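The block underneath contains the structure these notes are about, expressed in structure tokens.
From a predicted model like this one, the values you see are computed outputs, not experimental measurements. All chains are named by letter (A, B, ...) in the order of the sequence lines, taking the proteins before the strands, and each is independently numbered beginning at 1.
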2 protein chains.
Amino acid sequence: MSKSNNVYKDAYNRCLRLLDETRSLPSEPELGTLLGVSRTTVRTILARMEETGLIAWNKRAKTVLRETRPDDFFPEEETDTLAEIIERSFMRRLLAGGAEAGMQINELELAREIGVGTTSVREFLIRFSRFGLIEKRRNSHWVLKGFTRAFALELTEIREMFELRSAAAFAVLPQDSAVWTDLDRLEDEHRQLANDIATRFTEFSELDERFHRLIHRASRNRFIVDFYDVIAMIFHYHYQWNKAQERERNEVAIGEHLVYIEALKSRDLGKVDAACRKHLKSARQTLLTSIPESRSLQKS
Amino acid sequence: MSKSNNVYKDAYNRCLRLLDETRSLPSEPELGTLLGVSRTTVRTILARMEETGLIAWNKRAKTVLRETRPDDFFPEEETDTLAEIIERSFMRRLLAGGAEAGMQINELELAREIGVGTTSVREFLIRFSRFGLIEKRRNSHWVLKGFTRAFALELTEIREMFELRSAAAFAVLPQDSAVWTDLDRLEDEHRQLANDIATRFTEFSELDERFHRLIHRASRNRFIVDFYDVIAMIFHYHYQWNKAQERERNEVAIGEHLVYIEALKSRDLGKVDAACRKHLKSARQTLLTSIPESRSLQKS
DNA sequence: ATATTGTCTTTTATCGTGAAAAAACAGTTT
DNA sequence: AAACTGTTTTTTCACGATAAAAGACAATAT
């Protein structure tokens, strides 16, 4: 098995959802841009849809014949990329405890355990190394640096530096810049989420990421923008394993965001600085309390 | 051919230099740590040295029999790692002009041109991507973002942020910290280089890197320390292709470094900040003037 | 007892290969 | 002639295989 066809399967599933809304499908190139895949993949999708009797396909005519059924869909787990699979396995091991700092990481063992080739694992580790959690020994193994208190502090130090600067840059953006409408929309979403907080509090993490990315983008600096990937990754997994007081934490954060948004809209740099500092401080606190003390004792 | 034995060849060459200084070689493990390779490689080296009549090898006794000759050495180009070879080729193409922003990068073509497998090229590109000069399109090609004026400005913005903070952290380090003796040694080297500037000005870039890395390390933040890799890479190639007024530039930089060092030693934060700012400003200027105007017009 | 050597095992680095997916080209349809 | 479909070529992604290099273990020497 040399390459899974998850791109096709994922696009197929998304195409099925499209099917419920129309009588007939658009042209192949159009479908391609819509699904974010090449025409080759689009044609594979159409071929199967014809085969399973979902559509009649004759050149330009792609008529919908019947409604989609649950069993038309490919199983979710078959639509993941290899990189996602490896990342999940790796993070599970990392966070499942027993992952002490200084521990060696074995490519071959990881590959066998996950059931993939070594090349994919190697490439994953290289990509992952920029998060600062692992380090390569030349011609030899990787070393786990550990998800320690030190790591969290170093990460947040940079985050605060970058976000304060980005927020200041945001506040002085010209009034006709598109970011202000983006900000308004985000503000709306925050208010809606605040209203339904009891039932929808888990949706916050996604909103949080979009909000902070918008601000970081105002820096117009690729290194700052890219660094948010590190933060997003850490917070993503952090949210997954630390569910304590999730609802309360998110409620507080939404409130802080709204103050922060007001400050940005006021374009008062002093207010922006204060609101940003306040929110970042509590974000750091949340992250720090979630790190088990056992983890913080390791490593110098 | 699956893996070149450049580790062995490089260690062999370094071991030859060792040979000129002693009557007999130390134990295998000791040699291993000395050369930074495993005992397996050490034994391969010893075996060849015995074969070519350089030493008599009987268990612990490794007696030097004759002086080394130039033809004992492996050719320099055989001691490079694949990663180095690929990086050089890639950077040559990048800087040789004709590398416009937005251009596609083709793994297969690169691999064929350099004469290596695609895997190595892929891994190189992934590692290289953190420098912010290229970007990956999912399931598709890489895109060159170009060595533009914008890139240089974004890079130096972060550099200044990080170095000012590191320098401030440096200045308040306790008097008994080892960094102060490191700093004294670097100061010496700067003075010596200043004296022989006419003949040794090309040695500055290496000293420059060591000096700035020492300062960055004071931040005790892995993201700051790691970011210096980006700066070092850019300046490394920058020095190679911009030889205009090299001597003068380096002479000025040495002077600035010495003021900077004095400021650090005074532990006066105001002085440190001023000296650091001044030096970084001229470093940025040097970098900016070396970017051809044609390059700066591209990209938004 | 500890460090060193001899031998064997495991892991890393790299390649060639093949299927999935993208991209290019050529012929059709509106 | 502009956009679409049919066909072919190229590139990316992922694997297994293999030599280089590292690492582990047992036997030996100081």
Side-chain angles (χ1 to χ4, degrees), chain A residues 1-11 26-32 35-47 57-62 81-83 85-86 104-112 115-126 136-142, chain B residues 1-11 26-32 35-47 57-62 81-83 85-86 104-112 115-126 136-142:
Chain A
M1 179 225 317
S2 55
K3 194 183 182 183
S4 92
N5 53 356
N6 66 80
V7 173
Y8 153 68
K9 286 178 177 170
D10 181 53
S27 76
E28 295 172 14
E30 204 171 324
L31 262 176
L35 297 169
V37 296
S38 76
R39 202 158 69 80
T40 308
T41 306
V42 168
R43 299 189 108 243
T44 322
I45 291 170
L46 292 173
W57 181 25
N58 186 285
K59 310 207 167 166
R60 321 207 155 197
K62 307 171 194 81
T81 60
L82 237 205
I85 295 169
I86 296 175
Q104 293 186 12
I105 296 166
N106 188 318
E107 290 176 6
L108 202 59
E109 189 189 313
L110 254 181
R112 272 194 296 248
V116 298
T118 51
T119 314
S120 314
V121 170
R122 278 175 70 80
E123 287 182 6
F124 164 75
L125 290 171
I126 295 170
K136 175 88 182 143
R137 290 287 132 85
R138 255 298 212 87
N139 275 307
S140 182
H141 54 264
W142 291 83
Chain B
M1 181 225 318
S2 57
K3 194 183 182 183
S4 91
N5 54 356
N6 65 80
V7 173
Y8 152 68
K9 286 177 177 170
D10 181 55
S27 76
E28 294 172 15
E30 205 171 322
L31 261 176
L35 298 169
V37 296
S38 76
R39 204 157 69 78
T40 308
T41 306
V42 168
R43 299 187 110 242
T44 321
I45 291 170
L46 292 174
W57 181 24
N58 186 283
K59 312 212 164 164
R60 323 210 152 195
K62 305 169 195 85
T81 61
L82 238 204
I85 294 169
I86 297 175
Q104 292 186 11
I105 297 167
N106 189 316
E107 289 176 7
L108 202 60
E109 188 189 314
L110 255 180
R112 271 196 295 250
V116 298
T118 51
T119 314
S120 313
V121 170
R122 279 176 67 81
E123 287 182 7
F124 165 76
L125 290 172
I126 295 170
K136 176 86 182 145
R137 290 287 132 85
R138 258 294 214 88
N139 272 309
S140 182
H141 53 265
W142 291 83

Between P of dC13(D) and CG of Leu82(A), the distance in whole Å: 11 Å
Arg122(A) CZ - dT12(C) C1' separation (whole Å): 6 Å
Options dT12(C), dT5(D), dT5(C), nucleotide nearest the side-chain atoms of Glu107(A): dT12(C)
Earlier contact from the 5' end, DNA chain D, for Val116(A) and Trp57(A): Trp57(A)
Under 3.5 Å donor-acceptor pair, Thr40(B) side-chain atoms to dG23(D) base atoms: yes
Side chain to side chain, Glu123(A) and Ile126(B), heavy atoms closer than 4.5 Å: yes
Whole-Å distance separating the CG atom of Asn5(B) from the C1' atom of dA22(D): 15 Å
Candidates dA13(C), dT11(D), dA21(D) - which lies nearest the side chain of Ser38(B): dA21(D)
Any Ser2(B) side-chain nitrogen or oxygen under 4.0 Å from OP1 or OP2 of dA17(D): no
Closest approach of Trp57(B) to Glu28(B) (non-hydrogen atoms, all atoms of both residues): CZ2-OE2, 3.5 Å
Nucleotide dT10(D), atom P - distance to CD1 of Ile105(B) in whole Å: 21 Å
Interatomic distance, Ile126(A) CD1 vs dA13(C) C1' [rounded to whole Å]: 11 Å
Interatomic distance where CZ belongs to Arg112(A) and C1' belongs to dT11(C) [whole Å]: 9 Å
N or O in side chain of Ser140(B) less than 4.0 angstrom from dA23(C) OP1/OP2: yes
Any Lys62(A) side-chain N or O less than 4.0 Å from OP1/OP2 of dT5(D): yes
Closest listed nucleotide, where the reference is the side chain of Arg39(B) and the choices are dG6(C), dT12(C), dT14(C): dG6(C)
dA13(C) OP1/OP2 closer than 4.0 Å to side-chain N/O of Thr119(B): no
Arg138(B) CZ - dA21(C) P separation (whole Å): 11 Å
Minimum-distance nucleotide (side-chain atoms of Arg43(B) versus dT5(C), dA22(C), dG23(D)): dT5(C)
Side chain to side chain, Thr81(A) and Arg138(B), heavy atoms closer than 4.5 Å: yes
Presence of donor-acceptor pair under 3.5 Å, side chain of Lys59(B) and base of dT4(C): no
Closest to side chain of Tyr8(B), choosing from dT14(C), dA21(D), dT5(D): dA21(D)
Atom-to-atom span, CG of Leu125(B) to P of dT14(C) - whole angstrom: 14 Å
His141(B) side-chain N/O to dA23(C) phosphate OP1/OP2 under 4.0 Å: yes
side-chain N/O Arg60(A) vs dT30(C) OP1/OP2, d < 4.0 Å: no
Presence of Asn106(A) side-chain N/O under 4.0 Å of dT11(C) phosphate oxygens OP1/OP2: yes
